[in-house]
Amino acid sequence: MTSQSLRPAPRVLVVEDAEPVRGLIVRALVGDGCRVTEASTAAEARAVLSESKPQVVVLDLGLPDESGLDLLGEVITGGVPVVVLTSRGEERDRVLGLELGADEYMVKPFLPRELAIRVRRAATRAGLTPTPELGGGGLVIDRGTREVSMDGSTVAVTDREFDLLVHMASSPRRVFSRDDLLRDVWRSSPDWQSAATVTEHVHRLRAKLERDPVHPTLIVTVGRAGYRFEPRRPAGEPSQPLT
Ligand code: CA
């Protein structure tokens with residue numbers, strides 16, 4: 001199982017006429033586990049919308065057949081959250097888009113990863129993709145917002161650290177080899193990338209999350225086999241003996 005498959009897969013309609021840009025958006029969203037339908041004109045988008053109701057629409061405002069703002073109004077009236085993505089950075093468009101009810105507004109050029117996060121956020125806010133929290137014992141891993149907190153304090157983690165943590169925490173006590181983690185979290189293999197990458201990320205997560213990183217109790221080393229996630233117990237309860 002991969003970290004992506006553990007998360008809900010929102011159905012997203014991408015409306016963008018510029019093919020290279022659309023390709024970039026689609027790759028970012030598919031890579032994040034979304035199910036994507038594409039449209040390059042407002043007319044195509046309407047055809048898709050009449051057949052199926054996507055959970056989020058990513059909408060370019062500069063479409064060849066009409067203004068994306070008209071479509072934006074219709075989609076929002078239909079109750080679907082919209083992430084507006086446009087090259088129009090002017091203040092008035094931004095305000096207009098938000099006034100019409102866009103959930104998110106991104107100006108090109110954009111970071112694909114940021115777009116994927118904003119799409120997830122829009123879906124979660126709309127209550128369409130409930131993401132149960134992982135963790136326990138003071139650790140909260142929120143897959144909707146991709147935020148981690150420990151004992152009530154936010155812990156800043158990178159995207160990769162987050163994916164690694166979610167992957168392991170989703171199967172508590174299961175032992176993952178470094179090769180497993182390279183394959184499932186990095187989408188890589190020992191042929192391409194050194195397993196030391198995994199070790200390095202585990203060390204960083206421990207530094208951020210463990211009460212005593214030198215004697216980890218959360219991400220535990222299991223002999224030479226790899227690592228496992230040990231769910232934290234509420235303070236006061238004895239933890240499992242270390243292996
Ligand atoms: Ca355009």
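Start at 1 and go down the list; that is how both ligands and their atoms are numbered.
- Between D17 atom OD1 and G62 atom O, the angle centred on the Ca ion (ligand 1) amounts to 80° (nearest 10°).
- Among the backbone and side-chain atoms of E16, no N/O/S atom is found under 3.0 Å from the Ca ion (ligand 1).
- A donor-acceptor pair is defined here as one N or O able to donate and one able to accept, closer than 3.5 Å; no such pair exists between the side chain of Q193 and the backbone of S189.
- Taking the Ca ion (ligand 1) as reference, the nearest N/O/S atom within D60 carries the name OD2.
- Looking at E38, its side chain never comes within 3.5 Å of a backbone N or O of R22 through a donor-acceptor pair.
- E210 places no side-chain N or O within 3.5 Å of a backbone atom of P216 that could act as its donor or acceptor partner.
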Would you check, one step at a time, whether the test salt bridge (charged side-chain N to carboxylate O under 4.0 Å, His left out) holds for E66 with R46? CA-CA 12 Å; E66 63 181 84; R46 284 206 182 82; 2.9 Å; yes
